[in-house]
Amino acid sequence: MKEDHCLHAALLCLGMLCCSFVMATDKLNHSRPSLHGHHEKGKEGQVLQRSKRGWVWNQFFVIEEYTGPDPVLVGRLHSDIDSGDGNIKYILSGEGAGIIFVIDDKSGNIHATKTLDREERAQYTLTAQAVDRNTNRPLEPPSEFIVKVQDINDNPPEFLHENYHANVPERSNVGTSVIQVTASDADDPTYGNSAKLVYSILEGQPYFSVEPQTGIIRTALPNMDREAKEEYHVVIQAKDMGGHMGGLSGTTKVTITLTDVNDNPPKFPQSVYQMSISEAAVPGEEAGRVKAKDPDIGENGLVTYNIIDGDGIEVFEITTDYETQEGVVKLKKQVDYETKRAYSLKVEAANIYIDPKFISNGPFKDTVTVKISVEDADEPPMFLAPLYILEVEENAGPGAPVGRVHAKDPDAKNSPVRYSIDRHTDLDRYFSISPEDGSITTTKNLDREEIAWHNISVLASEVHNRHQEAKVPVAIKVLDLNDNVPKFKEPYEASLCEKPQTNKPLITILAEDKDDTANGPRFIFHLPPEMMQKPNFTLRDNRDNSASIYAKRTSFSRQEQSSYDLPIVISDGGNPPQSSTNILRIRVCSCDGNGVVTSCNLEAYILNAGLSTGALIAILACIVILLVIVVLFVTLKRQKKEPLIVFEEEDVRENIITYDDEGGGEEDTEAFDIATLQNPDGINGFIPRKDIKPEYQYMPRPGLRPAPNSVDVDDFINTRIQEADNDPTAPPYDSIQIYGYEGRGSIAGSLSSLESATTDSDLDYDYLQNWGPRFKKLADLYGSKDTFEDDS
């Protein structure tokens, strides 16, 4: 600041000296600044125009930032017509007139009354005029002139940014451009050196330098290493006056960061890694981790790991954890402590991305030895086979040997093993096992035809640690014995015409045997020897496990015999063979001329035999009469009201339900008997109303079979009883339903009115016993055994 004040004072003195010199020169030449030139007469009376003076009068200068006690004299205006008697008055107008610039109206001297700043305004345009003081009449036209503010170095340089940030790759060559900084100066660049800037570096040597004229920052040291120092702080100065003494200056800070390049290979911090893994570990389990350090960052520091050699290359694998940049050693195949107790691996770590500029520095990889020891674990017992298939004969009986399983403890201590059967796989407990040696035996007879294979699981556990347990599947095959006889594959029945064809088979039969194929087919068919004495039929073995039956005779009579039971002996091919006799029923039927069966029913035969129409009508009339009797019986039973107990002992609940009187005093007590409340069975359930007839008739419940159309009276009555018993809406007029209570100790033992011995009804309930045999005889007579059947 001291230098700035000195410079300011010097410039001010210089300006005042210049003004004094101008004024002195004007006096010596007897001339003054004129607003306009005046006229002179030339030769022969010619009017000549005098030119203005050679110096430019209409431009004045004033130094900025003047802070003296008196106003600054800017300049003096004077007209040629001014004789000095004071009659001329000078007037100043324009920019800043009367505020910044004032004029002495007598002498024409112009003063600046305020401090001027060139950076705020560089010049002012004013207008001067000379007028008559008394009349204010213009003596000359107005003249315009300019007052320029003379610059001084009062503004320091300023940078565009207070802080700069820049990046440059590490290992860059000397002179590599980093960034350009720029400063500006508000002073007049056309006047002197006030705005001439020079850049220099104050902090950051010897790493960086700056160009004085351009402000470009460049690297100054070779092979700067980011891993050694990543960030630098540089201070740049800009100074005006061309950098000479007395100039003003400004500074800025530049933060320069070295960016990473892949100039470092990965490196293991140790030469050998020790790891361990249990033999109980499963594939995929982690054994340990290795890490190669790479001081580079980003993709330049990415490392991948590989197993390149070692006896465990097939047992272990390594993967890369890119978050931690570690190599994870994992189990690839299960290890066994008793087989091999240690493994060795050679692991390589290498960069994923390599900068070609630094390949010459050497390979960007490193190797390390990894030793993995296998730790002993308490393993469960191990069966000698993954699956056992055993065999046992059926019907061998309890205690029959099936086979043996064997397991052992794979650990070095070789603990004893105990065996057991998983009962979830042997729910019926067909087998047992010896806990000591694993021998399996049966506990009951086995039937191959029921279960041919038994699949069980055997457990083996250590004696001293029951939690160490192993399981093995055991499939037990039941061997077949010829213990089943062959028989018809299905029930067979043949039809025989009364005039059969002896060369055409009546039927072809097949056989089956539950035993295995070794003890079953092939089947042998033949007739028993006694059948050879009555050669009604013959049998032909087709030798394909089937046989055909032929008629031996050419004539049969249904009247003499309606059916024949033919015994057929079937033998299997087992050892020893099994055989059985099966009955084939052959019915004699009527056929047409082509041998096609028309009817095999007995009643048809009877009709054809000449049963009269009158006899048939009589039989049908009897049946109709019987049905009418049954219907009348059922109707009478429904309409009959016969209480089981005296009226006074009826359940009080029925009387309460029908009670709708407004009162009557003691007469109301006659409506029921209180003793009825003591009915021990009355509280056990709802008793249907017996004093009100329902208004609606309901259809029988779905699912009940309809009344048969046949004349089987038992079925008819039973159907009607079942409909009444299962219909909750039926009125209690049927005597079957009113036996709700028969008292304690009843000898009846039944709710059925058909079997009651205490009824007072006049009806005879034993008519079924009397009529049953009669219907049986009718059925036998007319051949309708299926319809008329004595169910009683």
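Hydrogens, waters and symmetry mates play no part in the numbers below; they use all other heavy atoms, side chains included.
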Check: [X] side chain, [Y] main-chain N or O, donor-acceptor pair, under 3.5 Å:
X	Y	value
Ser415	Asn465	no
Arg226	Pro295	yes
Glu462	His464	no
Asp480	Asp515	no
Thr320	Tyr322	no

Are Lys253 and Tyr164 in a cation-pi setup, meaning NZ or CZ lies under 6.0 angstrom from the ring centre and within 45 degrees of the ring axis?
->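 No.
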Any ion pair linking [Y] and [X] (charged N to carboxylate O, less than 4.0 Å)?
X	Y	result
Arg423	Asp426	yes
Asp321	Arg289	yes
Lys340	Asp311	yes

Can we call the ring centroids of Phe383 and His406 under 6.0 Å apart?
->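 Ring centroids of Phe383 and His406 are no less than 6.0 Å from each other.
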Out of curiosity, Ile509 CD1 to Phe488 CZ, how far, rounded to the nearest 0.5 Å?
->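 Ile509 atom CD1 to Phe488 atom CZ measures 4.0 Å (nearest 0.5 Å).
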Rounding to 0.5 Å, atoms CG (Leu539) and CG (Leu506) come to a distance of 11.0 Å
Could you walk me through whether Tyr343 and Val374 pass the side-chain contact (heavy atoms from CB on, under 4.5 Å) test, one step at a time?
-> CA-CA 8 Å; Tyr343 294 89; Val374 180; 3.6 Å; yes
Test Asn300 against every option in Asp260, Asp355, Asp294 by the side-chain hydrogen bond (donor to acceptor under 3.5 Å, both in side chains) rule and name the one that passes.
->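 Single side-chain hydrogen bond (donor to acceptor under 3.5 Å, both in side chains) partner of Asn300 among Asp260, Asp355, Asp294: Asp260.
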